[in-house]
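Encoded as structure tokens, the structure appears first; notes follow it.
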Amino acid sequence: MKKIVVISDSFKGTLSSRDICAITRESVPRIIPGCEVIAIPVADGGEGTVGCFVDAVGAKPVAASVSGPWGERVDASYARSGSRAIIEMASAAGLPMVGGRRDPSATTTYGVGELLRHAVGNGCTEILLGLGGSCTNDGGCGCAAALGTRFYDADGRVFVPVGGTLDRITHIDNTETEELLSGVTLTLMSDVDNPLCGQRGAAHIFGPQKGADAAMAERLDANLAHLAEIIERDFSKRVADLPGAGAAGGMGAGCMAFLNARMRSGIEAVLDVVDFDAKLDGAELVITGEGRIDAQSIHGKAISGIAKRTKPKNIPLVAIVGCVGEGAEEAYGLGVTAIFGIDRAARAFADYATESAAYYRATLEDVLRLIAAIR
């Protein structure tokens with residue numbers, strides 16, 4: 001075998017995409033001498049996206065001090081490559097940042113807007129914004145406010161809405177934001193297609209993991225519906241039912257409405273930026289993976305996006321994963337050739353999570369030995 005491409009998502013909390021790349025760079029040449037290894041760290045827009053771009057395309061990290069989810073100052077960063085900036089909202093409004101203080105009715109995306117303003121102010125004209133891992137439900141209003149959008153209440157006062165105060169909005173003026181972003185293209189990276197409101201919307205589906213109980217989720221959902229009505233009235237844009245509008249607490253809808261952003265599958269956008277199709281030239285095998293593969297893996301996750309690129313080229317695609325869940329067999333129809341879980345014994349993933357690196361290496365090398373023997 002002359003060339004293998006490795007492009008795996010992280011095993012969240014246990015094994016990073018960069019760790020996987022390091023393991024494969026060491027193991028493949030040892031077991032299949034002379035085989036070229038192209039290892040590409042990848043993320044689909046959530047936590048870790050910036051770091052992957054720094055490694056994959058030589059982007060430069062840029063530091064910035066911005067507002068955190070509770071308005072505190074935090075140190076954040078984004079990646080820059082030429083005039084392109086890659087930003088993950090989790091660096092300024094991520095769920096781990098709030099610890100035990102989870103309250104999506106009060107947290108803000110204002111710091112995400114500050115990161116965008118910093119990138120634009122430094123000459124970036126193409127921005128990729130990852131929407132994964134948020135702790136917010138403000139419909140992207142905080143982000144827009146940081147970029148100059150004015151939200152007015154019934155008394156004509158300007159305020160920065162959060163999830164619990166979206167119902168106070170009576171009018172929105174987006175003039176300053178439109179001027180600031182003139183000539184800038186903004187692409188949203190997300191792996192969810194949920195609408196803004198309703199039982200599949202931002203508040204009901206993602207609110208509970210951010211700290212919302214049933215009553216809060218109902219109130220947040222009603223507030224997002226109110227925001228959608230104001231947006232339609234003031235901007236003649238219907239965003240509530242657009243795929244991905246409910247991503248990151250309605251950040252998808254807000255960015256499409258206020259920032260003229262377009263939504264893309266996170267993995268599709270990433271694969272384009274790292275020039276994945278070109279890297280497939282001459283490849284005889286692609287190795288991918290993620291922490292868990294199940295029926296959800298066919299809906300915009302990394303493995304499904306990669307399979308869409310390898311299948312037309314008839315390149316075998318092997319998935320090495322943390323664990324195999326119900327419905328994983330559907331991945332075969334997408335173009336996945338074989339699936340291997342890294343568990344070495346019959347026990348739950350949580351019981352061997354701390355050994356993920358060693359187990360991943362062992363599973364990878366078993367696959368490689370089989371390939372070497374067949375060759």
Lys/Arg-Asp/Glu bridge criterion (N-O < 4.0 Å) met for [X], [Y]:
X: Glu268; Y: Arg309; answer: yes
X: Arg238; Y: Glu232; answer: yes
X: Arg233; Y: Glu229; answer: no
X: Asp213; Y: Arg219; answer: no
X: Asp366; Y: Arg361; answer: no

Does a donor on one side chain and an acceptor on the other come within less than 3.5 Å for [X] and [Y]?
X: Thr136; Y: Lys210; answer: no
X: Ser105; Y: Asp103; answer: yes
X: Glu365; Y: Ser27; answer: yes

Do the side chain of [X] and the main chain of [Y] share a donor and acceptor less than 3.5 angstrom apart?
X: Thr107; Y: Cys135; result: yes
X: Glu326; Y: Ala295; result: no
X: Arg80; Y: Gly82; result: yes
X: Thr14; Y: Thr354; result: no
X: Asp75; Y: Ser65; result: no
X: Arg292; Y: Val321; result: no

Please give me the minimum heavy-atom distance between [X] and [Y], naming the atom from each residue.
X: Leu285; Y: Val318; value: CD1-CG2, 3.8 Å
X: Ser16; Y: Ser10; value: CA-CB, 3.9 Å
X: Pro41; Y: Cys21; value: N-SG, 3.4 Å
X: Ile230; Y: Thr170; value: CD1-O, 4.2 Å
X: Ala76; Y: Val66; value: CB-CG2, 4.0 Å
X: Ile23; Y: Ala357; value: CD1-O, 3.8 Å

Does a side-chain heavy-atom distance below 4.5 Å link [X] with [Y]?
X: Val184; Y: Glu126; answer: no
X: Met189; Y: Val270; answer: yes
X: Phe340; Y: Leu364; answer: no
X: Met97; Y: Val74; answer: yes
X: Met251; Y: Leu129; answer: yes
X: Phe151; Y: Cys141; answer: yes
X: Val6; Y: Ile38; answer: no
X: Ile320; Y: Ile342; answer: yes

Nearest-0.5 Å distance that lies between atom [atom1] in [X] and atom [atom2] in [Y]:
X: Ile205; Y: Arg200; atom1: CD1; atom2: CZ; result: 7.0 Å
X: Thr24; Y: Ile4; atom1: OG1; atom2: CD1; result: 9.0 Å
X: Leu259; Y: Leu186; atom1: CG; atom2: CG; result: 6.0 Å
X: Ile40; Y: Lys279; atom1: CD1; atom2: NZ; result: 5.5 Å
X: Ile87; Y: Leu115; atom1: CD1; atom2: CG; result: 5.5 Å
X: Thr109; Y: Asp138; atom1: OG1; atom2: CG; result: 3.5 Å

Find out if a path of hydrophobic residues (ILVMFWY) with successive side-chain heavy-atom gaps under 4.5 Å connects [X] to [Y].
X: Val112; Y: Ile172; answer: yes
X: Met216; Y: Val162; answer: no
X: Leu95; Y: Val192; answer: no
X: Leu131; Y: Leu196; answer: yes
X: Ile303; Y: Val5; answer: yes

Inset, instruction - Using side chain to side chain contact (heavy atoms under 4.5 Å, CB included) as the criterion, point out the one residue from Val274, Val273, Ile267, Thr288 that pairs with Val42. - result: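 The residue from Val274, Val273, Ile267, Thr288 that satisfies side chain to side chain contact (heavy atoms under 4.5 Å, CB included) with Val42 turns out to be Ile267.
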Could you check Ile315, Leu317, Thr310 and say which one makes a side chain to side chain contact (heavy atoms under 4.5 Å, CB included) with Lys313?
->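 Testing each of Ile315, Leu317, Thr310 against Lys313, the sole residue satisfying side chain to side chain contact (heavy atoms under 4.5 Å, CB included) is Ile315.
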Pair Ile287-Ser8, side chain to side chain contact (heavy atoms under 4.5 Å, CB included): steps then yes or no:
CA-CA 7 Å; Ile287 297 175; Ser8 176; over 6 Å; no
Residue pairs passing the salt bridge (charged side-chain N to carboxylate O under 4.0 Å, His left out) test where at least one lies in residues 157-185, sequence neighbours excluded: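 Listed by first then second residue: Arg117-Glu176, Arg150-Glu176, Asp153-Arg157, Asp153-Arg168, Asp155-Arg157.
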For Asp19, which residues count as a salt bridge (charged side-chain N to carboxylate O under 4.0 Å, His left out) partner, sequence neighbours excluded?
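So Asp19 forms no salt bridge (charged side-chain N to carboxylate O under 4.0 Å, His left out) with any residue.
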(Q) Can you confirm whether more than 12 heavy atoms, excluding those of Asp241, are under 6.0 Å from its CG atom? (A) no
> Passes side chain to side chain contact (heavy atoms under 4.5 Å, CB included), Ser81 versus Phe53? Steps please.
Replying inline: CA-CA 9 Å; Ser81 178; Phe53 275 112; over 6 Å; no
* Mind running side chain to side chain donor-acceptor pair (under 3.5 Å) on Glu114 and Ser67 for me, showing each step along the way? => CA-CA 8 Å; Glu114 289 180 306; Ser67 299; 3.1 Å; yes
Pair Tyr359-Phe11, ring pair (Phe, Tyr, Trp, His ring centres under 6.0 Å): steps then yes or no: CA-CA 12 Å; Tyr359 281 16; Phe11 294 12; over 10 Å; no
* Please step through side chain to side chain contact (heavy atoms under 4.5 Å, CB included) for the pair Phe159 and Tyr152, ending with a clear verdict. => CA-CA 6 Å; Phe159 74 109; Tyr152 294 88; over 6 Å; no
Q. When you look at Met256 and Lys237, which way does the side chain to side chain contact (heavy atoms under 4.5 Å, CB included) test go after all the steps?
A. CA-CA 9 Å; Met256 288 188 280; Lys237 293 181 179 179; over 6 Å; no
Q) Can you list the steps and then say if Tyr78 with His118 is a ring pair (Phe, Tyr, Trp, His ring centres under 6.0 Å)? A) CA-CA 10 Å; Tyr78 59 93; His118 190 281; 5.6 Å; yes
